[in-house]
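Below: one structure, written as structure tokens.
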Amino acid sequence: MSEPIKELTTKERMAIPRHEMPRQEAMERRKNFFEVALGYSAEQAREEAERCLQCKKPTCIEGCPVEVRIPEFILALRSGDMPGAVQALKSKNNLPAICGRVCPQETQCEINCVLAKKGKPVAIGRLERYVADWELGQGVIPPELPPPTGKKVAVVGAGPAGLTCAADLARMGHQVTIFEALHAPGGVLMYGIPEFRLPKKIVLAEVNYVKSLGVELRLNAVIGKLFTLDELLDELLNEQGYDAVFLGTGAGLPMFMNIPGENYNGVYSANEFLTRVNLMKGYLFPEWDTPVKVGKKVAVVGAGNVAMDAARCALRLGTIRALEEGSELPEVHIVYRRSRAEMPARAEEVENAQEEGVIFDLLTNPVEIYGKDGWVSGMRCIRMELGEPDASGRRQPVPIPGSEFDMDVDTVIMALGTRPNPMVFTASGGLERTKHGTVVADEITGRTTKARVWAGGDIVTGAATVISAMGAGKRAAADIDRFLRGE
Amino acid sequence: MYEILEKEIFSDVTKLIVVSAPDVARKAQAGQFIVIRVVDEGERIPLTIADFDRAQGTLTMVFQEVGKSTMHLGTLRPGDALASLTGPLGRPTEIEHYGTVICVGGGVGIAPVYPIARELRAAGNHVISIIGARTKDLLFWEDKMGTVSDELIVCTDDGSYKRKALVTEPLKELLEQRDNVARVWAIGPAIMMKFCSLTTKPFGVPTIVSLNSIMVDATGMCGACRVEVGGKTKFVCVDGPEFDGHQVDWDLLLARQRIYLPEEKLAKEKFLAEHQTCAR
Ligand SMILES: Cc1cc2nc3c(=O)[nH]c(=O)nc-3n(C[C@H](O)[C@H](O)[C@H](O)COP(=O)(O)OP(=O)(O)OC[C@H]3O[C@@H](n4cnc5c(N)ncnc54)[C@H](O)[C@@H]3O)c2cc1C
Ligand code: FES
């Protein structure tokens, strides 16, 4: 690839079309769990980077919860200075290969891009992914660490909030141990988001980066059971306790609708379904031991990222089986009580799901699940219409009387949102929580109502985004550092 | 980590392992369980803690080889290590001074009943234990149960050892003979727990069972383990594993235990085919 001969004019930059993300073809990708988005080539990345106008006051940064220096990394990228691009990116974001893949850029940085007003914003997320993948390809060089401060911090939960907080604290010279309940780190990145959207080797590479900073990772350690929060703070097996604790245990508790028939075989929480598929690699059964069962007609209830992921996993599992058996292709429905405009999922994933053949039943709400011999045999739904906006600003769906109808389904996956898992609070008082079960923490510092305990991510906000969890982890790390230095 | 220190073979299918897990042993209590993976590709399987030694930092588990994962576990020897071990999970047994209590252990369920009986006795209860198995070979820990029980009744379904009876028979007799039984614990296969609960119900004696539903994470995150107790949905891994047997919807539990039967069969056959050379 050659250096640009001369600087382009603004007009020329604006004339370059936004580069589409190369993707596996829809019918093809239905048959596998490989990554859908293939990533830009060097050429495409360079050209897309040329579209950036390098605004004097970059509004894109304001949209980013961790304030990535966007114009700076894009400038380095297009000048051919890849290490410089990595440096600019990583000074704010410890996990860019993940964010480049799963952030809702369309509502954060890209919506704020000046080009968004005139048509198509710079594809910031795709460029971020390009730079991060380039670095992973090179072998990541850990930054130099300051001398140890002698302070010890326990981080509970190895999701994006915990990993980010741990990495930042380690880079400040503190000794950090992460306690993770599952047998693998990554949180939702590992158990929730599927391989085809976020390859697990990317997650593990980012985790290895955090470990390379000297962070100790203790897997299979359920706080509240193995150790209580108070034990972490006070003393642990005759050792001195930790000086501070950060809680990043997420919002892992599944919700059900509480309608009749929800315990029939064939009804899953999205958490169970996705954990079987992703963490336990159910799509590789019987090479891997954990099975996952999906029928020929699947209804996924909900329309967030979780619902899209569940639907697309079900579609893949069903398609692979149908091709093996030579039977009919599966039918996968998204059943959602509001309309398309209110769907909380990332726009790109809704598009991907639709392309792959997921059927959207909007303004539809389940009222009962039918069973036969213990297994799901159908689902009764009612049609909805949109009424007045509710507290969240979205128009409230209301049932249309007499509009009930039956859907012929054999599998139902409930993707209705999640709440914090209360296990971590066992036998440890002093932590104020809201009626939704989330922890009360200062928005800027992450401080909770319990001394020496900080919290951030989904445990505070309820189910949100990877980047907002990372932002909270970062802010808490900064405040923990201030506290440990006695400021 | 999680090294197997000892192994005992009770029968072709029933085995005991002692595993090193000091942190877990330090916290373990009667009635709790752990989740293990045998290998990295393995399932997460729950096993009830049959004994623990805080000083030695060990946990003892007894398991029956029913499917691929437990068969694989059965091939491990002292010196081998588990891929992972998580715990202690679930709520501990509510140990109190109740008076006279009956502890029923069926088959591999004898193992988890042991620490419960021991703790109940230590709390001053008069402990009557009933242990039973299909046949003599499947019976174990008669001696150990004897040391923690004031009275011990042993039976086999086929009469190959001691009394020929299902555990529900001596249970019923005891309840008829004595009106001071305050509580019953019944642990074993779901069907045995169901019939123990049906047996005690007319006598109005509270009956605690330890449910063995299918689990994935075992930390309350997925709901795979859900059951209905008293008409309400409960997660066995965090709300249990012990519940009031009179309130449990047994048919639902039994149905949900069968979800993956075809897959379990497939995995088992594949495992056996691959391990034929090991002459099992
Ligand atoms: C299927 C799915 C798809 C998603 N897609 C997107 C997306 O495309 N883009 C996006 O931005 N966001 C997405 N999200 C949301 C995003 O993943 C979460 O907001 C984010 O992961 C929250 O990070 P966290 O660190 O707070 O918690 P988590 O990622 O939930 O991590 C918490 C960790 O803590 C551990 N833990 C819990 N309790 C304990 C305990 N007692 N002791 C020890 N460890 C404990 C858990 O096992 C887990 O590993 C998605 C979520 C799901 C479920
Ligand atoms: S096993 Fe997942 S919630 Fe109980």
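Below, chain A is the first sequence line, B the second, and so on; all start at residue 1.
Put simply, the side chain of Lys68(B) never gets that close to the backbone of Asp289(A): no donor and acceptor are under 3.5 Å apart. Formation of a donor-acceptor pair under 3.5 Å by the Arg226(B) side chain with backbone atoms of Glu262(A) is found in this model.
For the atom pair OG (Ser84(B)) and CG (Leu182(A)), the distance works out to 9.5 Å, reported to the nearest 0.5 Å. Within the model, atoms CG of Leu89(B) and CG of Leu226(A) stand 9.5 Å from one another, a figure rounded to the nearest 0.5 Å. Rounded to the nearest 0.5 angstrom, His183(A) NE2 and Ile36(B) CD1 are separated by 13.0 Å. Asp23(B) CG to Arg218(A) CZ: the interatomic distance, rounded to the nearest 0.5 Å, is 4.5 Å. Separation of atoms CE (Met221(B)) and CE (Met423(A)) is listed at 11.0 Å; rounding is to 0.5 Å. Of the inter-residue distances, the one linking Glu272(A) atom CD with Met215(B) atom CE reads 12.0 Å to the nearest 0.5 angstrom.
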- Task: Check step by step if side-chain contact (heavy atoms from CB on, under 4.5 Å) holds for Trp375(A) and Arg258(B).
- Result: CA-CA 11 Å; Trp375(A) 287 84; Arg258(B) 299 170 62 87; over 6 Å; no
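Neither the backbone nor the side chain of Phe273(A) has a heavy atom closer than 4.5 Å to any heavy atom of chain B. No part of Leu254(B) comes within reach of chain A, as not one of its non-hydrogen atoms sits under 4.5 angstrom from that chain. With a threshold of 4.5 angstrom between heavy atoms, Ile259(B) approaches chain A through its backbone and through its side chain. Proximity to chain A (any heavy atom under 4.5 Å) is shown, for Asp249(B), by neither the backbone nor the side chain. Contact annotation for Arg44(B): both backbone and side-chain heavy atoms come within less than 4.5 Å of a heavy atom of chain A. At a 4.5 Å heavy-atom cutoff, the contact between Lys225(A) and chain B is made by backbone and side-chain atoms alike. Contacts between Thr219(B) and chain A at a heavy-atom distance below 4.5 Å involve backbone atoms as well as side-chain atoms. Within the 4.5 angstrom heavy-atom criterion, only side-chain atoms of Val216(B), from C-beta onward, approach chain A.
Across Thr233(B), Val39(B), Asp251(B), Val38(B), the residue that shares the most heavy-atom pairs under 4.5 angstrom with chain A is Thr233(B). Most heavy-atom pairs under 4.5 Å with chain B: of the set Asn263(A), Asn421(A), Leu284(A), Val267(A), this distinction falls to Asn263(A). Residue with the most contacts toward chain B among Gly224(A), Ser269(A), Pro254(A): Pro254(A) (heavy-atom pairs, distance under 4.5 Å).
Nearest heavy-atom pair across Lys27(B) and Thr228(A) is NZ-N, 4.0 Å. Closest heavy-atom contact between Thr86(B) and Ala181(A): CG2-O, 3.8 Å.
Within 6.0 Å of atom CD in Glu94(B), 12 or fewer heavy atoms from other residues, nucleotides or ligands are found, so the atom counts as exposed in its surroundings. Other residues, nucleotides and ligands place no more than 12 heavy atoms under 6.0 Å from the NZ atom of Lys265(B).
Between Glu263(B) and Lys293(A) a salt bridge is recorded (basic side-chain N to carboxylate O distance below 4.0 Å).
Side-chain contact between Asn220(A) and Tyr2(B) is present, with at least one heavy-atom pair separated by less than 4.5 Å.
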